[in-house]
2 protein chains.
Amino acid sequence: MATIRDVARKAGVSVATVSYVINEGTRAVAPATRARVLQAMEALNYHPNASARQLAKQRSGAIGVVLAGLQSTSNFADAYFLGYIHGISYAAELYGHNVVLLTNYQGADKLTFLRQTIRSRLVDGFLLIGSSIPDEVVVSLHREKCPAVLIARRVPGHTVCSVQQDYFQGAYEATHHLTERGYRRIGFLGQALNFSYALERLQGYQKALSEAGLPYEAALVKIPMQSRDDPALEEVRALLAAGADALITDREIAVLNHLRALGVQVGDEVALVGLDESEAAAALDVPLTTLRPPKFALGRRAVEMLLDLIEGRTPEPLEATLPMELIVRRSSPPRPAMH
Amino acid sequence: MATIRDVARKAGVSVATVSYVINEGTRAVAPATRARVLQAMEALNYHPNASARQLAKQRSGAIGVVLAGLQSTSNFADAYFLGYIHGISYAAELYGHNVVLLTNYQGADKLTFLRQTIRSRLVDGFLLIGSSIPDEVVVSLHREKCPAVLIARRVPGHTVCSVQQDYFQGAYEATHHLTERGYRRIGFLGQALNFSYALERLQGYQKALSEAGLPYEAALVKIPMQSRDDPALEEVRALLAAGADALITDREIAVLNHLRALGVQVGDEVALVGLDESEAAAALDVPLTTLRPPKFALGRRAVEMLLDLIEGRTPEPLEATLPMELIVRRSSPPRPAMH
DNA sequence: TTGTACGCGTTATCAA
DNA sequence: TTGATAACGCGTACAA
């Protein structure tokens, strides 16, 4: 394999000059010299050795993507993180970086694993997707000035670089959409408020209600005291009994099934809007109106922030929030004039 | 940052000795020396520089995963390749390699892009998922002895390393499942035979029929002359008219919709088995019996074959085929005794 | 059993 | 504008 020295010899210049030709802009090179060098590179089919460049630069030029369920397999089953990866790989290429997938199936201690990865300069920084890296680990990395950006997550009490969808705006849009379409009794099935996004959603819902001049009715809101997976059938039944003509929930599939089990025609009798776009939402026999998280944009933004950190700049803002988009489908038609 | 020299100095040995301690097994090191070295590494919080290792080894220790729609976005929308990635990342970690995502959104010439990537030693070899890299490019790489393994694909007329699901066995299992459950008139909706898998599926179907003592009836088989996306409603209607009590197809969602449009109760009146597991198959209101491609296993096997190639071994066999698994769901119940 | 020296590309320095 | 050189950090063939 041809080396930079071979090229230099062939072009009759020094290795430095060849290097400055390769790395345009570092030092001016006379056009004639430059042409000779390029020609020599071509003739020798020369390609700079990536490892040598990384070594000399003290940079790997790579971004490490740490997948949520580091050692579990579950995250590969549902593809929630694919959209992020798309944005990440797109932006990484745009800015001349590579993307390395970091897994830890072996289950090594997470902090040790990440520290080792960054210290060995395998990657220049991390993108942490999802929630499987404990807060303490994130905080430790942050303290050690390890470049890292959290995706779809924050660490309460610490200002760690992160990108996140706008839960407040999303719930607001969803609710607003329903009030605009004539719904008056909008039920809300939320999560326990120990996660910040649960509260933000509730507040978005409240704001849209009050803007529409609708009262906030406790009977129309179901929020569990403790985190749970899906809402219970009973909760849905109670909302219907309270006269709900529409439901908003982040567990749209489960609620849809509950509604079916209760014999309710979704869309015709009761509108349903999902806050947490499940991939299947569009393919169901009643396509669901849902929020779409801006995953591509989040991934892209996360890369930009990470590159800022890597280059020693401070991203602005440190915690980025991007708006969600409401995808209107058949589960929330304009409300018939009377019921 | 501590270097290998610092460690050597601290431990009172040469850098070579430190290196041989790090790379266990390369050369024997006296236990006492070894202990001193390890202690020095610990004390200095030393981590070998990945780039320097790669450079010295003339190996990147990384596998490049070339995603199908290199510059399109579509592949990120449907997650068909995620299962492969899972198997790939699992096996890569197992064998001490990294996974680099290779995209080419910018749309550089594919062959140039791949050649450059391999020659720069950014990765030691490629895994090519899906079909967006043209056959000629694959053949060129193969001729240039570039380590590469095709996933879910072959190049007709050339023996390029590849892994693939067993379409024949899959269609056989699917058909056999139906004959065993008492179905006698099994309709087959296939693809144009210019793709090898289309023929293999048809043959699997035929074998299962003949094993069950059922005749092959042309009226029960719909194969278009030219490739098309989804089967037409008319094709489904014709199969029903021919008395089909079950349907087998690789476009299960489309056929399901057609059956619905024709007012047929899937499962109760006509069984439906899919050959090309769509992610949604399980979530539908009539969960579909489908084949599950062994994506994890294929990804893993592909890595093993690629590492063989990288190490100069010859994978055996060069074209690997892994069995599919039939997931029985509600769309193919045991057939009622009479119709 | 251990040490020495070389190779890779970038970049800073000094000289021409 | 260009050249010469050294350092960066590791693995490993070869010498001792």
Side-chain angles (χ1 to χ4, degrees), chain A residues 1-38 40-41 44-62 96 98 116 118-122 124 311, chain B residues 1-38 40-41 44-62 96 98 116-124 311:
Chain A
M1 293 270 280
T3 74
I4 198 172
R5 255 162 276 268
D6 300 325
V7 176
R9 205 172 310 129
K10 177 135 192 147
V13 300
S14 72
V15 293
T17 301
V18 177
S19 178
Y20 290 122
V21 168
I22 296 169
N23 304 42
E24 272 197 75
T26 324
R27 177 163 112 174
V29 176
T33 316
R34 181 184 162 70
R36 277 217 316 288
V37 170
L38 289 174
M41 284 172 49
L44 295 172
N45 191 17
Y46 167 76
H47 294 274
N49 181 302
S51 310
R53 302 186 78 168
Q54 291 165 15
L55 173 59
K57 284 209 161 92
Q58 301 284 51
R59 284 274 174 84
S60 71
N98 291 114
Q116 197 163 315
I118 195 76
R119 293 217 46 167
S120 74
R121 294 183 187 281
L122 179 65
D124 297 332
E311 311 278 350
Chain B
M1 291 268 282
T3 74
I4 199 173
R5 250 166 284 268
D6 300 325
V7 176
R9 204 172 309 128
K10 177 138 194 142
V13 300
S14 73
V15 295
T17 301
V18 177
S19 177
Y20 289 119
V21 169
I22 296 168
N23 304 35
E24 270 197 76
T26 324
R27 179 164 109 175
V29 176
T33 316
R34 183 185 162 68
R36 277 216 317 287
V37 170
L38 288 174
M41 284 171 48
L44 295 172
N45 190 18
Y46 166 77
H47 294 273
N49 181 302
S51 309
R53 302 187 78 167
Q54 291 165 14
L55 174 59
K57 281 208 161 90
Q58 299 286 52
R59 284 273 174 84
S60 71
N98 291 115
Q116 196 164 315
T117 303
I118 195 76
R119 293 218 45 165
S120 73
R121 295 182 188 282
L122 180 65
V123 301
D124 297 332
E311 311 278 350

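Naming: A, B, ... by sequence-line order, numbering from 1 per chain.
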> For A:T17 and D:dG3, is the shortest distance between a side-chain N/O and OP1 or OP2 below 4.0 Å?
Replying inline: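 Checking A:T17 against D:dG3: at least one side-chain N or O falls below 4.0 Å of OP1 or OP2.
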
>> On the nucleotide C:dG9, are OP1 or OP2 found under 4.0 Å from the side-chain N or O atoms that A:Y46 carries?
In response: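 Result: yes.
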
So [X], base contact, sugar-phosphate only, or nothing? Heavy-atom distance under 4.0 Å.
| X | value |
| --- | --- |
| B:S19 | base |
| A:V29 | sugar-phosphate |
| A:Q58 | sugar-phosphate |
| A:A30 | sugar-phosphate |
| B:S51 | nothing |

>> Holding to side chain to side chain contact (heavy atoms under 4.5 Å, CB included), I want the full list of residues that pass it with A:R9, two or more places apart in sequence or in another chain.
In response: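 If we apply the side chain to side chain contact (heavy atoms under 4.5 Å, CB included) test to A:R9, skipping adjacent residues, the hits are A:R5, A:D6.
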
> Hey, which of these two, A:R27 or B:N23, hits DNA chain D nearer its 5' end, going by closest nucleotide?
Replying inline: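 That would be A:R27.
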
>> The side chain of A:I4 is closest to which nucleotide in this list: D:dG11, D:dT5, C:dG9?
In response: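 Nucleotide nearest to A:I4's side chain: C:dG9.
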
> Between B:R121 (CZ) and C:dG7 (P), how many Å, whole number?
Replying inline: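 In whole Å, C:dG7 P lies 16 Å from B:R121 CZ.
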
> Once you round it to whole Å, what is the distance between C1' of D:dC8 and CG of A:L55?
Replying inline: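 Atom CG in A:L55 sits about 5 Å away from atom C1' in D:dC8.
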
> Quick one: are A:N49 and B:Q58 in side-chain contact, heavy atoms under 4.5 Å?
Replying inline: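 Contact flag for A:N49/B:Q58 side chains = yes.
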
> Is there a side-chain contact between B:R34 and B:E24, using heavy atoms and a 4.5 Å cut-off?
Replying inline: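 Sidechains of B:E24 and B:R34: in contact.
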
